[in-house]
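Notes follow the structure.
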Amino acid sequence: QPSRVIATLGTAALLWLLLAGGLGRALAPGMGGEGAGYAGVLLPGMISLVALFGSVFASISLITDRHEGFLRGVMAGPAPRWSIAAGKLGGTLVVCLSQCVVLLLAAPVAGLSLDATHAIGALFAAAMMCLGVGGISLALAWEIDSVEGFHGVMNTLLMPMWLLSGAFYDPGDAHPVLRLIAAVNPLAWVTRVLRDALHAGGDPALVWHWAGSVLFAAAGAGAAWWSMARPRTIRAS
């Protein structure tokens, strides 16, 4: 579906361009000062936005499968529930990660140069983001029957998490309450390690953020599996 790709990548690219061009010169040197520098600061947040949008769009297909009766047929077959969860989550990961790679390839445009090690680290961080957000999205899509309701829940839950992930600014400079929320926000952990990989920081103190990112991915995948493993009656609309 080309419209999904355009909506996901186009939104992130436009937001990246407008924010970098409009706010870059107004910020302190530590956040980029010039438009190109701030574009590099924004890139991890735009990658996390692509992962978020890609996961939401991919998870909507689960609701569509239910309404069209396809999911009922799959559940009536011999395939175990874990394979259904793995198939949907695997498809979500492939779609989201492919779109994240497109933005990673734009790193030189933002003045960032990646060697092989940091490129692999960035890809791994993006995969953790896609697994975590994708798993949560699939778990919620399994419980919600309408596309409209699903979008409402996603906007209420995931958008605040993304806004407080450090996509636009360093959470360390925010209000103490926002700093506390960011400290326990899984998207902030993944965004932090993604930014470190893109900027070739190599901060050894980020080992806890890496561990938290892996746990977030595992928790998201576990949420999807647990939701789909529960008994549920599927009604065709």
Show the nearest heavy-atom pair for residues [X] and [Y], with the distance to one decimal.
X: Thr92; Y: Gly134; result: CG2-CA, 4.0 Å
X: Ser59; Y: Ala141; result: O-CB, 3.6 Å
X: Met161; Y: Asn185; result: O-ND2, 2.7 Å
X: Val153; Y: Ile144; result: CG2-CD1, 3.7 Å
X: Met128; Y: Val214; result: SD-CA, 4.0 Å
X: Leu97; Y: Ala126; result: CD1-CB, 3.9 Å

Rounded distance [0.5 Å steps], [atom1] in [X] versus [atom2] in [Y]:
X: Ser137; Y: Phe57; atom1: OG; atom2: CZ; value: 11.5 Å
X: Cys96; Y: Phe53; atom1: SG; atom2: CZ; value: 12.0 Å
X: Leu187; Y: Leu163; atom1: CG; atom2: CG; value: 10.0 Å
X: Leu178; Y: Leu164; atom1: CG; atom2: CG; value: 5.5 Å
X: Leu104; Y: Leu194; atom1: CG; atom2: CG; value: 6.5 Å
X: Leu103; Y: Ile47; atom1: CG; atom2: CD1; value: 5.5 Å

Cluster overlap [X] with [Y], hydrophobic side-chain contacts below 4.5 Å:
X: Val56; Y: Met159; result: yes
X: Leu215; Y: Leu89; result: no
X: Phe124; Y: Val94; result: no
X: Leu43; Y: Ile120; result: no
X: Ile136; Y: Val190; result: yes

Is there a donor-acceptor pair closer than 3.5 Å between any side-chain N or O of [X] and the backbone N or O of [Y]?
X: Thr191; Y: Ala188; value: no
X: Trp162; Y: Gly45; value: yes
X: Arg192; Y: Ser165; value: no
X: Trp225; Y: Ser83; value: no
X: Asn155; Y: His151; value: yes
X: Trp142; Y: Ser227; value: yes

Taking the side chain as C-beta and beyond, is there a heavy-atom pair between [X] and [Y] under 4.5 Å?
X: Pro186; Y: Ser213; value: no
X: Ile63; Y: Asp145; value: no
X: Val102; Y: Ser98; value: no
X: Met129; Y: Leu52; value: no
X: Arg195; Y: Leu42; value: no
X: Trp210; Y: Trp189; value: no

Inset, instruction - Start with the C-alpha distance between Met228 and Leu62, add both sets of side-chain angles, then the distance that settles side-chain contact (heavy atoms from CB on, under 4.5 Å), and finish with yes or no. - result: CA-CA 11 Å; Met228 295 184 184; Leu62 187 63; 3.8 Å; yes

Inset, instruction - Check the side chains of Lys88 and Ser61 for a donor-acceptor pair under 3.5 angstrom, ignoring hydrogens and angles. - result: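 Yes, side-chain donor-acceptor contact under 3.5 Å.
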
